[in-house]
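The structure appears right after this line, and notes come after that.
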Amino acid sequence: MSDVIFDVRDVTLRFGGVVSLNDVTLHHLRGEILAVIGPNGAGKTSLFNSLTGVYQPQEGSITFVGRNEKSVSVIGRKAHRVASAGVARTFQASRMFSALTAFENVKIGAENHHGFGVVGAMLRGPRTRRDDRLSDERTVELLRFVGLTDRANTIAASLSYGERRRLEIARGLATNPQVLLLDEPAAGTNPSEKVELTNLIRRVRDEMGVTILLIEHDMKLVMSLAERLYVLNFGSVIAEGTPEEIRANPVVIEAYLGSSATQAGGS
Amino acid sequence: MRAFLERRSLRRLLITLGVVATVELMTGPPGSNQAPTSGFSGSFGESASFFGLFRTQRWVTFFAVALVLWGLTNFWMANGARVRQRTNLVVSRPRELSQRGPVRWGFALVLLVVALLLPHIETAAFWESAMVTYIAIYILLAIGLNVVVGFAGLLDLGYVAFYAIGAYTTAWVTGALPTPALFHHPLNPFWAIPIAIVIVMIAGVILGAPTLRLRGDYLAIVTLGFGEIVTIFANNLYGITGGSLGTKPIPHPSIHLGPLKYVWGLTPVPYYYLTLAFVVLFLVVFSLLERSRIGRAWTAIREDEVAAESVGINPLKFKVMAFAIGAASAGFAGVVTASADTYIFPSSFTLQFSINILVLVILGGMGSIAGVVLGAIIIQTIQAYLTHSPPAGYQAQDLYIYLGALLITMMIFRPAGLLPSRRRKREIALSEVSHEGHLDEVLTGDDT
């Protein structure tokens, strides 16, 4: 299992008496496009927030294998440290820096936020200038990659939903991640934007070598994109497999359509 | 003429009359116990000059002013859009020009030359000292607070604490406190400058590290408490600070560095140049910071802390940094105040003082260095003028009535300040529409 990127074992997350994730165990292989699906309230976004250090599960372990095969325990780490270890994400309701331009949004992601360097920044030393140029170049490159070059100087709030999704992906990629977590990237996009997005996500994996973890409601998109799926319901993993296996799994059909559907199908 | 008889126009007349009557009452004579209505009747009935032409009752003058104002607003409502369109060509150009590097530097250079020549242009003793004590000090404080409030978006209501710590550090280093001086060897206030700046920045970190985990209102309350704690300590620790009686005299700064010898004395002009040098230094440093990755990280945190964290920005680290950096200029301002005023008292470091600095920042334009400097110059010049040559019946606390009115007017017509930063302006526009739901109308679109 040396090529596992996320190893989640027996994770339980509670908010007071509400159990949001119940004994979740899953693994994510490096280079794989993995999807987590499930009805509303199944705990998908809670899982995402646990993987990125926003929530701290009470039980279990989450191990992330980052750069140079270094294992990192996610639980107990602040979100910004998980991010700098190589986990990038997008948000369900996209969270841009709305008053900044698309270019600035991506550039903030591309910049190195470690160390202080206040003096360098104040004096605009040669190193600061070089770093600045490098992040500019990276930003231009990423905007081209997601197809937003001509929107570079547009402020984020006036981009369309589809463009915002792509911008968020570019911002995530700018942090030079090992894995990119996408929280319902297709929400609020139109059919043609969905096709573009599917292609973009595949290109992120193929051309940038970034592993993808996806939460999505749109079954068509998930089934065409994901190589393997986990199904969550009421905070527990109820099924795992390839899209074909999941589609044929009676437990999944029951979770999505109710129990009478399976009975009708069975009889 | 018909336009003047419309309902909307008549309503404007009533509003104008109301505002003018309020101003009339505010500027009128005070009442007394014996005749409670005398203030009221005096405000309207007292004889006053009609713009120097003839003498009549006050209400006639004010009524005339109200009518003129009403006429102007009506004209503006009817023709404003056309006028604005025509003047746009002229008015919008300086802003475009100011975007260009060489022009901006040239402009800054001209301002610097004016600032350097100012003590030779205005040589009245009052204004020479006012340039330091009323204006330059406040510019320093305002640009420092702007780093905290404008750049990092943290509402700090206890900013005076850093100013007080700077001033008391000067007193301590020069041996003017009951406690023995640093190293048991009184130093010259000139050397207090680096020491005070470092100590104030450390104080910023000490205050920031535990409190900056809080957000919004909570942070404002805690900083308010910190400001009060510092003042109360200064007031009550007799053995350390000298208590409410203040410090022993603090000497004037001097330099003795090989051939370089200079002693700052009682005249304010040398202080002006010393302060000006530091104002320029802080201006350059802060504007470079704003444009650096640190400034961008501050913006990211201000806009969306969760998203900022998701790209690897540690919000606490950058907030503490803003606190410490913003405190630095207050620390220096404290040194200048202490050594120029000779004595310092806890009563100068009040909550009101923190609020005053905040008003300068808000009026000038949060997050815009040029705006904040302009705000500080305008407000403080008015304040100095009113103190120096008060109009009849003016009392010191009246200032706050006018400042309050100015602030309310600004919030209605220019909520982002006199010279708003472009980012802030957009943020305010965005937050307004997100409540009303017509995003596309307000967004200007491309930002090239």
Side-chain angles (χ1 to χ4, degrees), chain A residues 49 52-54 78-91 94-124 128-129 131-132 135 151-158 168 171-172 174-177 181, chain B residues 201 213 281-282 284-318 320-322 324-325 328 367 416 421-431 433-434 439-448:
Chain A
N49 283 337
T52 50
V54 176
K78 288 267 170 60
H80 64 90
R81 292 191 54 206
V82 176
S84 24
V87 181
R89 70 171 295 181
T90 66
F91 295 87
S94 68
R95 304 185 81 137
M96 310 305 315
F97 305 125
S98 332
L100 301 186
T101 63
F103 187 88
E104 288 168 317
N105 264 280
V106 178
K107 190 171 176 187
I108 287 173
E111 274 167 330
N112 169 23
H113 299 291
H114 314 295
F116 280 84
V118 184
V119 179
M122 282 177 181
L123 303 177
R124 246 185 163 340
T128 316
R129 256 185 249 184
D131 288 350
D132 208 45
S135 10
R151 305 290 270 161
N153 291 321
T154 310
I155 54 174
S158 56
E168 231 183 338
R171 187 180 67 187
T175 63
N176 202 11
L181 278 61
Chain B
M201 288 178 88
R213 290 162 209 275
L281 176 77
F282 279 114
V284 170
V285 165
F286 288 167
S287 43
L288 284 176
L289 262 184
E290 189 200 1
R291 263 159 254 195
S292 73
R293 69 187 171 85
I294 294 171
R296 279 186 292 274
W298 281 333
T299 315
I301 294 168
R302 198 174 69 205
E303 293 230 341
D304 190 331
E305 204 169 320
V306 177
E309 264 188 290
S310 82
V311 295
I313 294 171
N314 179 354
L316 184 64
K317 188 181 89 179
F318 282 96
V320 171
M321 208 190 275
I325 291 170
S421 83
R422 282 144 69 83
R423 280 177 192 166
R424 269 283 178 187
K425 208 170 154 187
R426 249 182 262 148
E427 276 167 34
I428 287 176
L430 280 174
S431 71
V433 280
S434 65
L439 201 77
D440 302 328
E441 287 174 27
V442 180
L443 287 177
T444 46
D446 284 20
D447 178 71
T448 37

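So that the names make sense, note that chain A is the first sequence line, chain B the second, and so on, each numbered from 1.
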For the CG atom of A/L181 and the OG atom of B/S310, what is their distance to the nearest 0.5 Å?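 A/L181 CG to B/S310 OG: 10.5 Å, rounded to 0.5 Å.
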Within this structure, what is the CD-CZ distance for the pair B/E303 and A/R95, rounded to the nearest 0.5 Å?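 Here the rounded value is 12.0 Å.
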Given that the side chain runs from C-beta out, which part of B/V284 has a heavy atom under 4.5 Å from chain A: side chain, backbone, both or neither?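 Answer is neither: B/V284 stays 4.5 Å or more from chain A.
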With a 4.5 angstrom heavy-atom cut-off, could you sort out which part of B/T299 is near chain A: side chain, backbone, both or neither?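 Side chain of B/T299 only, per the 4.5 Å heavy-atom cut-off to chain A.
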Are B/N314 and A/K78 close enough, and set up right, to give a side chain to side chain contact (heavy atoms under 4.5 Å, CB included), and what steps lead you there? CA-CA 9 Å; B/N314 179 354; A/K78 288 267 170 60; over 6 Å; no
Could you report the tightest heavy-atom contact between B/D304 and A/F97, atom names first, then the distance?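 Minimum heavy-atom contact is O-CE2, 3.7 Å.
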Only pairs of heavy atoms separated by less than 4.5 Å count here; which of A/A99, A/A79, A/A83 has the most with chain B?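 Answer, by heavy-atom pair count under 4.5 Å with chain B: A/A99.
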Apply the test salt bridge (charged side-chain N to carboxylate O under 4.0 Å, His left out) to residues B/R291 and A/D132: give CA-CA distance (whole Å), side-chain angles for both, the deciding distance (0.1 Å), then the verdict. CA-CA 11 Å; B/R291 263 159 254 195; A/D132 208 45; over 6 Å; no
Does any backbone or side-chain atom of A/S98 lie under 4.5 Å from a heavy atom of chain B? Answer side chain, backbone, both or neither.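 Contact with chain B: backbone and side chain both.
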